[in-house]
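Provided herewith is a single structure, encoded as structure tokens, for subsequent inquiry.
No hydrogens, no waters, no symmetry mates; every other heavy atom, side chains included, goes into these values.
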Amino acid sequence: MSERTLSLPGSRDRFILTDRPAPTLTDRYRMLPDGMTLRHAAVVRAHQVSPGDVVVAYFTDGPGTRHAEHVLEVFTAHPRPFGTCPAQCEECEDVHANGVAADRYLCLADADDREDCVIVYRNTPVAVIPAAAAAHFPPLDSAPPLPDLFTLDDISGHGPYEALPVPRAFGPDDAISVTRATAVQIVADLAASPTGRHLICEWLHDALLISSDPRLRTEPGRPGRLIRPDADGRYRIGGLWPWQHWSPEDDPTH
């Protein structure tokens, strides 16, 4: 892995910027757009980040040699004063709850349907690709998003199951969108999981029927839930058991 040593005016610290890590199950680093690399990056204080700069990393504490801590998903900065959150997100509420001076913080990006606001100390060193350089490359959303990872809500170790990214407001009873292969794996795992002990799964050509054990139905004759593939061949499965986001702690091999 290559690395660059960067400097920050007014600081004697050395900032070591390594290559962006490849995504793994445990570290979900989204790729950069075609042609954009970290050789375009510089280090600035958070309060010096300009609109349109692309934030790629923060750094370990100093003083001395400080190593890059890459953000999982790079983002375009839209700096604003802290305390004017348009979405009342959890990140802003947590900072407010700590009773700290608002002028010590700023927001680098507003909350959206997937992420909370990005709140940092004003003097935090940040690795950015300046807006002028970023403008020469495709937009950030041209890089394909990584799938979200889910597991059955038990401790049997099944999964993770790859699904299309879900919004920040996603609830455990909402549906996730998976491929046919993933749906087949979910069905197989349900048979060996406490989650599926009262469920019956059956493939009817390309449709998946999930129903409860007839002996346990509160609505006699209820046929169950028939899940058909959408136009992209994906299956939306939800409302039958609570999904939970997969984390490395759910993997018994870790």
For this session: Kindly say whether Glu73 contributes a backbone atom to a donor-acceptor pair with the side chain of Arg30 at under 3.5 angstrom?
Result: no
Exercise. So, for Cys117 and Ala111, which heavy atoms are closest and what is the spacing to 0.1 Å?
Worked result: SG-N, 3.3 Å
For this session: For Gln185, check side-chain hydrogen bond (donor to acceptor under 3.5 Å, both in side chains) against everything at least two apart and list the hits.
Result: Asp189
Seminar exercise, completed: So CD1 of Ile210 and CG of Leu190: to nearest 0.5 Å the spacing works out to 6.5 Å
Problem set entry | Listed once per pair and sorted, the ring pair (Phe, Tyr, Trp, His ring centres under 6.0 Å) pairs that draw on residues 16-63, sequence neighbours left out | Phe15-Phe59, His40-Phe137
Seminar exercise, completed: Residues passing the side-chain hydrogen bond (donor to acceptor under 3.5 Å, both in side chains) test with Glu115, sequence neighbours excluded, are none
Seminar exercise, completed: When rounded to the nearest 0.5 Å, the distance separating OG1 of Thr124 from CZ of Arg104 is 10.0 Å
Problem set entry | Pairs touching residues 166-193 that satisfy ring pair (Phe, Tyr, Trp, His ring centres under 6.0 Å), sequence neighbours left out | Phe150-Phe170, Phe170-His245
Exercise. Are Leu164 and Leu25 grouped together when hydrophobic residues (ILVMFWY) are joined by side-chain heavy atoms under 4.5 angstrom apart?
Worked result: no
Problem set entry | Partners passing side-chain hydrogen bond (donor to acceptor under 3.5 Å, both in side chains) against Thr179 (at least two apart in sequence or in another chain) | Thr182
Seminar exercise, completed: Sorted by chain and residue number, the side-chain hydrogen bond (donor to acceptor under 3.5 Å, both in side chains) partners of Thr5 (sequence neighbours excluded) come out as none
For this session: Would you mind listing every salt bridge (charged side-chain N to carboxylate O under 4.0 Å, His left out) that reaches into residues 34-57, with sequence neighbours excluded?
Result: none
For this session: Output the distance between atom CG (Asp173) and atom CG (Leu240), rounded to the nearest 0.5 Å.
Result: 9.5 Å
Exercise. What residues, two or more places apart in sequence or in another chain, satisfy salt bridge (charged side-chain N to carboxylate O under 4.0 Å, His left out) together with Glu202?
Worked result: none
Problem set entry | The single option from Val74, Leu140, Val56 passing side chain to side chain contact (heavy atoms under 4.5 Å, CB included) against Met36 | Leu140
Exercise. What pairs meet the side chain to side chain donor-acceptor pair (under 3.5 Å) rule with one or both residues in residues 136-147, with sequence neighbours excluded?
Worked result: none
Problem set entry | Shared hydrophobic cluster for Ile186 and Val184 (ILVMFWY, side-chain gaps under 4.5 Å) | yes
Exercise. Got a donor-acceptor contact below 3.5 angstrom from the Asp148 side chain to the Ala163 backbone?
Worked result: no
Problem set entry | Residue pairs fulfilling side chain to side chain donor-acceptor pair (under 3.5 Å) with at least one residue in residues 6-16, sequence neighbours excluded | Asp13-Arg66, Arg14-Thr65
Problem set entry | Non-hydrogen atoms of Leu8 and Val44 that approach each other most closely | CD1-CA, 3.6 Å
Exercise. Is the backbone of His158 close enough, under 3.5 Å, to the side chain of Thr151 for a donor and an acceptor to pair up by distance?
Worked result: yes
Exercise. Residues in side chain to side chain contact (heavy atoms under 4.5 Å, CB included) with Ala175, at least two apart?
Worked result: Arg236
Exercise. Taking atom CG of Leu17 and atom CG of Leu38, what is their separation to the nearest 0.5 Å?
Worked result: 5.0 Å
Exercise. With sequence neighbours left out, what residues match Asp61 under side chain to side chain contact (heavy atoms under 4.5 Å, CB included)?
Worked result: none
Problem set entry | Distance (rounded to the nearest 0.5 Å) between Thr18 OG1 and Glu69 CD | 10.5 Å
Exercise. So how far is it from Thr26 OG1 to Trp246 CH2, rounded to the nearest 0.5 Å?
Worked result: 6.5 Å
